[in-house]
Amino acid sequence: MPTIMITGAAGFIGGHVAREAERRGGLSLRLMSHRRPPAGAAAAGPATAGPDPATAGPGSGSGHGHGRDRGPGAVAPGHRTVRADLSDPGSLRGACEGVDVLLHCASQIGGTPEANEAVNARGTAALMAEARRAGVSRVVYLSTASVYGRGAFRAARPEDLVRNPGSPTSGSRAHAEDAVLAAGGVVLRPHLVLGDGDRWVVPGLARILRALPGTVEGWAARTSVITAQDLARLLLGAGLAPAGDLTASVYHAAHPVPVTVRTLLGAVAAVAGPAADPAAEDLTAVRARELLAARGIAAQGLDMLTSDHWFDSDPVWRDLRCTPGPDFEAAFKELAEGYRHALLDI
């Protein structure tokens, strides 16, 4: 029975990964957290050296904020948690003892540049050193397509792109990628992730919709999305796949079929309440930025909606022999009611 450790296990994606591992069965789970233990997990003390490290504490968001507890629902009781903090390398000692596969889903999102550097860059480097010391056989890191910065991306492949991070968060996550790749690990880069526990993507889109009196350049761009459940399947699959099946060390992780921004925003508008009348004025991007600035809303989200952000994800599905879940419209219908409740305070 392989032992899998998941960092950020109380977070958005980490929580989905833990439950996907549970559904699959035949796995021993160790959930690394640094505040509150994931619901249903057994708690103990800090990680200690030795074959049977004690455990407890909570997690960070899978790419959605170190220390932001966003995990939807609970994992089954009995799984051990490891109390460790990526910003405190000493706390990682012994955390990986007896671990076969490490799924690194914890990241600092936002906050100060120093916090991002401490958690994402130095923390991941320290975790990789501990994984090597403990003989972990496979490391998979949940990164982000944001490491590419701004631009138009059309059926883009990792090997054809150059990272150009435009924020302290993205820059520090690029450094985390480097540490994982140097340790022989695998990196997955999703773009927009939707699902139970999302506090960033759909709420951010809802704010933009409510701030604008019309569409922007026809909302014609195409973008890559994936549900948290599908992303969890890919992360777990990459962790357990035979080495010979993996043809790359960096993969894009999205549903193979991109979504038009018009379709995406139409679905968000249906659960977020009043939005722009489709027959209203079609704004220029410049005018839209001015309106968002007047409402105190950052324009970066608009940039992603007015240019293509479509990343080729066929290789990861092919290599893992995994079938993508439902297309966007079908998947979002299943998520709509949860988002409708989540957006009441937006």
Colleague: Taking side chain as C-beta onward, heavy atoms only, is I208 less than 4.5 Å from L305?
Modeller: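 Yes, their side chains come closer than 4.5 Å.
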Colleague: With no hydrogens and no angle check, is any side-chain donor or acceptor of T169 less than 3.5 Å from a backbone partner on G110?
Modeller: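 Side chain of T169 to backbone of G110: a pair is present.
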Colleague: Please enumerate all residues that pass side chain to side chain contact (heavy atoms under 4.5 Å, CB included) together with P113, with sequence neighbours excluded.
Modeller: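 Partners of P113 by the side chain to side chain contact (heavy atoms under 4.5 Å, CB included) criterion, ordered by chain and then number, come out as P168.
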Colleague: Using salt bridge (charged side-chain N to carboxylate O under 4.0 Å, His left out), reason through R19 and E22 one step at a time and then give a plain yes or no.
Modeller: CA-CA 5 Å; R19 284 180 292 284; E22 260 217 351; over 6 Å; no
Colleague: Quick one: does any side-chain atom of D312 pair with a main-chain N or O of D314 as donor and acceptor, under 3.5 Å?
Modeller: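 At least one qualifying donor-acceptor pair exists.
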Colleague: Can you tell if the side chain of L102 reaches within under 4.5 Å of the side chain of M128, non-hydrogen atoms only?
Modeller: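 They are in contact (side-chain heavy atoms under 4.5 Å apart), so the answer is yes.
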Colleague: Hey, are the side chains of H252 and L161 touching, using non-hydrogen atoms and a 4.5 Å cut-off?
Modeller: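 In contact.
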Colleague: With heavy-atom distances below 4.5 Å as the criterion, would you say the side chains of R83 and S33 are in contact?
Modeller: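 Side chain of R83 against side chain of S33, heavy atoms only: no contact under 4.5 Å found.
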Colleague: Could you work out, with side chain to side chain contact (heavy atoms under 4.5 Å, CB included) as the rule, every residue matching N164, not counting sequence neighbours?
Modeller: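 With sequence neighbours excluded, N164 shows a side chain to side chain contact (heavy atoms under 4.5 Å, CB included) to no residue whatsoever.
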Colleague: Could you tell me which non-hydrogen atom of P258 sits nearest to which non-hydrogen atom of R222, and how far apart they are?
Modeller: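 Scanning both residues completely, I find the closest heavy atoms to be CB-CB, 4.2 Å.
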Colleague: Please check if atom CD in E329 has more than 12 non-hydrogen atoms from other residues, nucleotides or ligands closer than 6.0 Å.
Modeller: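 Not buried by this count: 12 neighbours or fewer within 6.0 Å.
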Colleague: Hey, does the side chain of S143 reach the backbone of L188 with a donor-acceptor pair shorter than 3.5 angstrom?
Modeller: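 The answer is no, because no donor-acceptor pair under 3.5 Å joins these two groups.
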Colleague: What's the verdict on side-chain hydrogen bond (donor to acceptor under 3.5 Å, both in side chains) for T215 and D282, showing C-alpha distance, side-chain angles and the deciding distance?
Modeller: CA-CA 5 Å; T215 57; D282 187 35; 2.6 Å; yes
Colleague: Step through the shown structure and confirm whether more than 12 heavy atoms of other residues, nucleotides or ligands are within 6.0 Å of CZ on R157.
Modeller: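 No.
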Colleague: Would you tell me whether E117 and S172 have side-chain atoms, one donor and one acceptor, within less than 3.5 Å of each other?
Modeller: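 Short answer, no.
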Colleague: Taking atom types as modelled and ignoring hydrogens, do the side chains of E337 and H341 form a donor-acceptor contact shorter than 3.5 angstrom?
Modeller: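 The answer is yes; a qualifying pair exists.
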Colleague: For L302 and A285, work out which heavy atoms get closest and say how close.
Modeller: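 Closest pair (atom of L302, atom of A285, distance): CD2-O, 3.8 Å.
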Colleague: Apply side chain to side chain contact (heavy atoms under 4.5 Å, CB included) to S170 and list each qualifying residue two or more places apart in sequence or on a separate chain.
Modeller: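 By the side chain to side chain contact (heavy atoms under 4.5 Å, CB included) rule, S170 matches S146, P165, S167.
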Colleague: Quick check: do V147 and E177 have side-chain heavy atoms less than 4.5 Å from each other?
Modeller: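 V147 reaches E177 side chain to side chain.
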Colleague: Decide if the gap between the ring center of H191 and the ring center of Y148 is smaller than 6.0 angstrom.
Modeller: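 Between Y148 and H191, which both carry aromatic rings, the centre distance is not below 6.0 Å.
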Colleague: Tell me, with the steps shown, if D303 and R150 meet salt bridge (charged side-chain N to carboxylate O under 4.0 Å, His left out).
Modeller: CA-CA 8 Å; D303 294 335; R150 298 181 183 180; 3.4 Å; yes
Colleague: With ring-ring contact (aromatic ring centres under 6.0 Å, His included) as the rule and sequence neighbours excluded, what pairs involving residues 98-124 come up?
Modeller: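 Those involving residues 98-124 are H104-Y141.
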Colleague: Taking the basic N atoms (NZ, or NE/NH1/NH2) and the acidic carboxylate oxygens, is any pair closer than 4.0 Å for R163 and D178?
Modeller: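 Salt bridge: yes.
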Colleague: Side chains of D198 and F12, heavy atoms from C-beta outward: is any pair under 4.5 Å?
Modeller: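 Yes, side chains in contact.
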Colleague: Among pairs that include at least one residue of residues 220-249, which meet ring-ring contact (aromatic ring centres under 6.0 Å, His included), considering only residues two or more places apart or in two chains?
Modeller: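 Every pair satisfying ring-ring contact (aromatic ring centres under 6.0 Å, His included) with a residue in residues 220-249: there are none.
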Colleague: Report yes if the side chains of E97 and R133 come closer than 4.5 Å at any heavy-atom pair, otherwise no.
Modeller: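 Answer yes - side chains close enough.
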Colleague: Kindly write out the residues that satisfy side chain to side chain contact (heavy atoms under 4.5 Å, CB included) with L246, not counting sequence neighbours, or none if the list is empty.
Modeller: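 R138, V186, A241, Y251, L320.
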Colleague: Tell me, do S224 and L192 make a side-chain contact under 4.5 Å, heavy atoms counted?
Modeller: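 Result no, sub-4.5 Å side-chain heavy-atom pair not found.
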Colleague: Which heavy atom of L209 sits nearest to which heavy atom of V268, and what is that distance?
Modeller: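 Heavy atoms of L209 and V268 come nearest at CD1-CG1, 3.9 Å.
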Colleague: Salt bridge check, E281 against R287: does any charged N sit closer than 4.0 Å to a carboxylate O?
Modeller: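 Looking at E281 together with R287, the answer is no, because their closest N to O distance does not fall below 4.0 Å.
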Colleague: Begin from the C-alpha positions of S137 and D100 and carry the test side-chain hydrogen bond (donor to acceptor under 3.5 Å, both in side chains) through to its verdict.
Modeller: CA-CA 5 Å; S137 60; D100 299 300; 5.2 Å; no
